[in-house]
Amino acid sequence: MTTKKTPLRMCIACRQLFEKRSMLRIVRSDDNIFLDLTSKASGRGAYICNNPECIKKLKKQRILNKVFSCQVDSEIYEKIEETYFGSK
């Protein structure tokens, strides 16, 4: 009997592989960028791990702008921080 492979994704901040379901997915669909909490939305996806240093690096270096090749509102970065760290 074969075992199922666990899907792995790379964090866009630290470039390490983690299990897909332990990461947050950010999606660009047309010109709309949003958090995909279900991991099933269609569009170009990027994954970020739950390491606080990665979240800080993501916001400081504006990595989503590079990944999606467009201007990402600071509102999206704030939503990511709220998702991991709770309301400020």
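All values reported here derive from a predicted model rather than from experimental measurement.
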*What do you reckon, is CZ of Arg62 surrounded by more than 12 foreign heavy atoms closer than 6.0 Å?*
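It does: Arg62 CZ has more than 12 such atoms within range.
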- Count the heavy atoms belonging to other residues, nucleotides or ligands that lie under 6.0 Å from CG of Asp31, then report whether that count exceeds 12.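 For Asp31, atom CG is not crowded (no more than 12 foreign heavy atoms under 6.0 Å).
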Under 3.5 Å, side chain of [X] to main-chain N/O of [Y], donor-acceptor pair present?
X     : Y     : value
Asp36 : Val27 : no
Asn51 : Glu53 : yes
Arg9  : Ile48 : no
Lys20 : Leu8  : no

Nearest non-hydrogen partners of [X] and [Y], listed with the distance:
X     : Y     : result
Ala46 : Val67 : CB-CG1, 3.9 Å
Arg44 : Phe68 : O-CE2, 3.5 Å
Cys11 : Cys49 : SG-N, 3.4 Å
Cys70 : Ile33 : SG-CD1, 3.6 Å
Met23 : Tyr84 : C-OH, 4.0 Å
Ile12 : Arg15 : O-CD, 4.1 Å

What distance separates [X] [atom1] from [Y] [atom2], expressed to the nearest 0.5 Å?
X     : Y     : atom1 : atom2 : answer
Tyr47 : Glu19 : OH    : CD    : 13.0 Å
Tyr77 : Leu64 : OH    : CG    : 4.0 Å
Leu17 : Thr6  : CG    : OG1   : 12.0 Å
Glu81 : Leu58 : CD    : CG    : 8.5 Å
Ile26 : Ile80 : CD1   : CD1   : 4.0 Å
Phe18 : Asn50 : CZ    : CG    : 7.5 Å

Show, in sequence, the C-alpha distance, side-chain angles and deciding distance for Arg25 and Leu35, and conclude whether the side-chain contact (heavy atoms from CB on, under 4.5 Å) test is met. CA-CA 6 Å; Arg25 183 172 187 241; Leu35 300 179; over 6 Å; no
### Task
Kindly indicate whether the side chain of Glu78, heavy atoms from C-beta on, has any atom under 4.5 Å from the side chain of Ser74.
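The answer is yes, as the side chains (C-beta and beyond) meet within the 4.5 Å cut-off.
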